[in-house]
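The block underneath contains the structure these notes are about, expressed in structure tokens.
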There are 2 protein chains.
Amino acid sequence: MQQKSGRRSNRDRTEATRADLIAAARKLFTEKSYAETGTPEIVAAAGVTRGALYHHFADKQALFAAVVEQEAAVVAEEIERASPPSLFARDALIAGSDAYLAAMRAPGRTRLLLLDGPAVLGRAAMDEIDNRHGNRTLREGLVAAMRAQSMVKLPVEALTALFAAAFDRAALAVDAGASADDYRAVLMALIDGLSPVPHQAPRPARTR
Amino acid sequence: MQQKSGRRSNRDRTEATRADLIAAARKLFTEKSYAETGTPEIVAAAGVTRGALYHHFADKQALFAAVVEQEAAVVAEEIERASPPSLFARDALIAGSDAYLAAMRAPGRTRLLLLDGPAVLGRAAMDEIDNRHGNRTLREGLVAAMRAQSMVKLPVEALTALFAAAFDRAALAVDAGASADDYRAVLMALIDGLSPVPHQAPRPARTR
DNA sequence: TTATTAACATACAGGCTGTATGTATGCAAC
DNA sequence: GTTGCATACATACAGCCTGTATGTTAATAA
């Protein structure tokens, strides 16, 4: 057994260093913004030098992309864990949206994923990341709802993107201090609005 | 009459220089991104020096804010010009959304207003700007629709924000090459989804 | 064992931002 | 109209940051 500073395989070293860099960067990128965080600060927090950073990542943007990727995965995981697959597509959709809003309350997460992410990496790259993680569940939920006849048929890509956009903005607003209830109510109204016949199943009287 | 290089009043000089800087910055910010555009490049394009820039603007961000402000005003103006006030709230809403999508096809506008803007100035600042220009019309349209009983009652702020978010994402997607028809169809479905179905009892909805 | 490559650390070269300083011109008071 | 101050800049400077080039040590393949 080799000690911390003993001899380690190259693969272990790489893995550990990359993880340290991503963790340090994640912390700083969520505390401050991408632009306000310098690489000297990141490597200091990670306990390495800029040489290590530029050995493992092409540039600052690539490190940022890795952080975003990881964070998106964490969010997706939190959603899947928090929202058990419901029998009714509509309920699953709502549970998922609640879970998303809850997950996005982690400090700095909205800025990282919803502001800096799109600006630094571009919408296309963010779409690609989102589709690989969180949005996948959303799209599947929407498709399921459409198949179950509980939602009118619409272009899937566009529908997913616009719902995702609404969820994102809601997360931003709630994070900024807006009423979560208000945004939740509108989101539910948007979902229910797409149900083909009048209005979905008897809604459990929300009237307190 | 004094010539271009003759003696001009200070107020005229200030006005002209500020306008030149904003125009040059707008051009570069739409061609490239905020981060990729340096102040040396901007002042060169404007025909002044960095001294002038920092005399008139606190920093690069302040100049960017001025550009965004102006561009948002232009978009709002294009919308109002293109969408005649319709008798029916729903039609006005759709006309406005079409006008918005059309206006946002101007090169670089989506990145300026929808990506760099929020990232550089923050969502709160962008909301403030939007509410002063484009979103105002949207909110009024929604309120009118709700008043006309052609839309269920929902919290106005949240409703406006989420619709704006959907429009924004649609503009981004269309600008990126997605099918405008698809996004238009979903947007219309979302709008129509909120209209209380004729033969449907008015649902108890809380206002604000 | 030796050769090669990976994993860094260190040193360096621009470029950019914001500020400090200098200068000429408009403008207001006398 | 001259004097004095403020405005509108231009120029010069300091600090930081990014990306690259180079050097060194340790792992791994031959």
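Source: prediction; values computed, not measured. A note on names: the letters A, B, ... follow the listed sequences, proteins ahead of strands, and every chain is numbered from 1. Side chains included, hydrogens not; waters and symmetry mates left out as well; all remaining heavy atoms used.
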Interatomic distance where CZ belongs to Phe57(A) and C1' belongs to dC8(C) [whole Å]: 14 Å
Partner set under ring pair (Phe, Tyr, Trp, His ring centres under 6.0 Å) for Tyr183(A), not counting sequence neighbours: none
All salt bridge (Lys or Arg N to Asp or Glu O under 4.0 Å) counterparts of Arg26(A), not counting sequence neighbours: Glu71(A)
Salt bridge (Lys or Arg N to Asp or Glu O under 4.0 Å) pairs, two or more places apart, involving residues 34-59 of chain A: Lys32(A)-Glu41(A)
Nucleic acid footprint by protein, nucleotides 3-18 of chain D - heavy-atom cut-off 4.0 Å, B for base, S for sugar-phosphate alone: ----SBBBB-----SB
Using a 3.5 Å cut-off and no angle test, enumerate the donor-acceptor pairs between side-chain atoms of residues 157-164 of chain B and protein atoms at least two apart in sequence or in another chain.
| unit_1 | atom_1 | unit_2 | atom_2 | d |
| --- | --- | --- | --- | --- |
| Glu157(B) | OE2 | Arg139(B) | NH1 | 3.2 |
| Thr160(B) | OG1 | Val156(B) | O | 2.8 |

Qualifying salt bridge (Lys or Arg N to Asp or Glu O under 4.0 Å) pairs with a residue from residues 92-102 of chain B, counting only residues at least two apart or across chains: Asp98(B)-Arg184(B)
